[in-house]
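Order of the sequence lines sets the chain letters (A, B, ...), proteins ahead of strands, with each chain counted from 1.
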There are 2 protein chains.
Amino acid sequence: MGDKYLIEYSDDVNKQQRTKQLDFFVYVDTVVFTINPDRLLRPEDRLEVLVMKRPGGSKGKWALPGGLVEDDEKLEHTSIRKVREETGLTLKLRDLHQVGAYGDPDRDNRFRAIAIAYMALVPHPSELRPIKYSDEASFVSYRSLRDGRLLEFDHSTIIYAARKVARSMLEDTNVALSFCKPKFTLTELRKVYESFLQYEVDPANFRRKVAATSDFILPIDEFSDFGSAPGRPAQMYRAGKAEQLSTQIRFRRNLDKIRPTGTSKKR
Amino acid sequence: MGDKYLIEYSDDVNKQQRTKQLDFFVYVDTVVFTINPDRLLRPEDRLEVLVMKRPGGSKGKWALPGGLVEDDEKLEHTSIRKVREETGLTLKLRDLHQVGAYGDPDRDNRFRAIAIAYMALVPHPSELRPIKYSDEASFVSYRSLRDGRLLEFDHSTIIYAARKVARSMLEDTNVALSFCKPKFTLTELRKVYESFLQYEVDPANFRRKVAATSDFILPIDEFSDFGSAPGRPAQMYRAGKAEQLSTQIRFRRNLDKIRPTGTSKKR
DNA sequence: GCAAAAGTGTTGGCGCTACACCCATGG
DNA sequence: CCATGGGTGTAGCGCCAACACTTTTGC
């Protein structure tokens, strides 16, 4: 039943190339991260990933949005196109970062598939819209996906690698701002770090660290005012121009003080 | 002229896949780093990359070893195979690390080529052998290759990315040991870090840092004794079992003392 | 209504650790 | 001349406490 195609290519290749079978499928899969700002969630549970149900996929399993690269299409463009087609979300090019390539011969039992994984960081879809972008796509918490059986192929591996890439980029680039809306508070920014580190960060130290790099974030003449929010209104900020942080933002934690998961809030 | 091939594949793919042209070539290119231990070299000049002349390549330009992935071949295996074929050097699987994928439509003017880049760290070929592995392949200093015009395709970009990956892995894994022979001195290990950081590191601090992580390196009952080496003989070490370093090995340098290439910033 | 309590953001400070720079010693 | 080890001043940072400004609760 397989369709047949004629493939012709330049003869300016060496012998090995001419005797080569061509049955590679080059995919791009995308891990879209977001931070759920819900105050009731613990920091470890705020990180969410955009996943979908593939039409012909295994029952009950999630998959990352992704698809074949087209001719004359940049890899990043494939990522943006497939995410929009399959989930309705439109990514910005500058929010995309490559995670790596996955090409083991047996990673897809249908044919030889090379997947190039990208990662994107987006603000949480605000309370205005529902969390689901379509019937078949939604944001799901990262922790619940750590059970690899919920995901198709090696997508569990890819998501884990994407989080590692993101966490390491948080330390010395301004990618964290991708998670935030144009105007944001320091607490929102701090929650980004907490979500990837999977533990809480001291607000005072965090404030000093981000202030240490000039032109990273800039205060604006505005304060948070989300009607029902208790507490002192927070200073609002906008992104500065610094893309590379001069001082690495890393939080070592005294291992004795890590609380067992399951205990509720502090204080 | 161009050869023609029949390509047949499973029908278990969706509509978009069936209407897709298949003319992707999946390559693996490998950046093999080594450290030249020559005492006369400055730390910035010790880092070297294994490059070769392609048979049909542009005149006078170097290229990274690499080639097409074969059916049922893991990407890492392609890397090892092509490096051995083209340069005679046999890499170990555990020394390979993925750098990333490069797939812009115009990166190869002959056809659509997806390159997956790997990086490997090897001890410097000792004085026993010549530096050249074959007439067409040799180690060339990283700094001289920074002039992108000496390299084909986007290989200059790939090498730069590979160095960044290596430097970041040096900070918290034991990859630096890949550069060393089974028995090595602390100075040899320090030169590895200096080569990637591109500046000198205080020997005393370096010693304390590597000693801080247990089971990273282990002293053996032997001392360096290279007749012509001046100074006190150095304690020799062998690799320990630790793969992940407990303390990050990073050397901040007083910004005032950085050589005159750059921007001095605030504070 | 009003006062107290509780929740959140912001600022200051103490104490400890890491470490960059320097120096002494020994092969 | 180079490897090894010690010492010291200092900057960074983890932790805690106090304060500022708001909503919520109790009577």
- Query: How close or far is atom C1' of dC13(D) from atom OH of Y193(A), stated in whole angstroms?
  - Reply: 16 Å

- Task: Give me the one residue out of R42(B), R167(B), E44(B) that meets side chain to side chain contact (heavy atoms under 4.5 Å, CB included) with Q198(B).
- Result: E44(B)

- Would you name the heavy atoms of L89(A) and V83(A) that are closest together and state the gap between them? O-CG1, 3.5 Å

- The answer to which of D202(A) and L186(B) contacts DNA chain D further toward the 5' end, by nearest nucleotide, is L186(B)

- Note on the structure: Across all chains, not counting sequence neighbours, the ring-ring contact (aromatic ring centres under 6.0 Å, His included) partners of F33(A) are F196(A)

- Query: Base, sugar-phosphate, or nothing: which does T187(A) touch, judged by heavy atoms less than 4.0 Å apart?
  - Reply: sugar-phosphate

- Message: Which residues pass the side-chain contact (heavy atoms from CB on, under 4.5 Å) test with P233(B), not counting sequence neighbours?
- Response: F223(B), S224(B)

- Tell me whether the OP1 or OP2 atom of dC19(C) has a side-chain N or O from N205(B) closer than 4.0 Å. no

- Task: Would you kindly give the CZ-to-C1' distance between R250(A) and dA18(C), to the nearest whole Å?
- Result: 14 Å

- In whole angstroms, the gap separating C1' of dC23(C) from CZ of R207(B) amounts to 16 Å

- Measure from CZ on R190(A) to P on dT10(C) and round the result to the nearest Å. 9 Å

- In whole angstrom, what separates F223(A)'s CZ from dT23(D)'s C1'? 18 Å

- Can you check whether any acceptor in the base of dG6(D) is under 3.5 Å from a donor in the side chain of R208(B), or vice versa? yes

- Task: Indicate, with a heavy-atom threshold strictly under 4.0 Å, whether A234(A) touches base, sugar-phosphate, or nothing.
- Result: sugar-phosphate

- Quick one: does L96(B)'s side chain get under 4.5 Å of T30(B)'s, heavy atoms only? yes

- Note on the structure: Picking from dC22(C), dT10(C), dT4(D), the nucleotide nearest the side-chain atoms of P203(A) would be dT10(C)

- Rounded to the nearest Å, what distance is computed from the CZ atom of residue F251(B) to the P atom of nucleotide dA18(C)? 14 Å

Check the interface with nucleotides 25-27 of chain C: list each N/O to N/O pair with the protein under 3.5 Å, or write none.
unit_1: dG27(C); atom_1: N2; unit_2: R232(B); atom_2: N; d: 2.8

- Item | Length of the line joining L197(A):CG and dG14(D):C1', which is rounded to integer Å | 15 Å

- Query: Do D45(B) and S141(B) meet the criterion of a side-chain donor-acceptor pair at a distance under 3.5 Å?
  - Reply: no

- Rounded to the Å, how far apart are F206(A) CZ and dG12(D) P? 18 Å

- Message: When you compare the side chain of K53(A) with that of W62(A), does any pair of heavy atoms fall below 4.5 Å?
- Response: yes

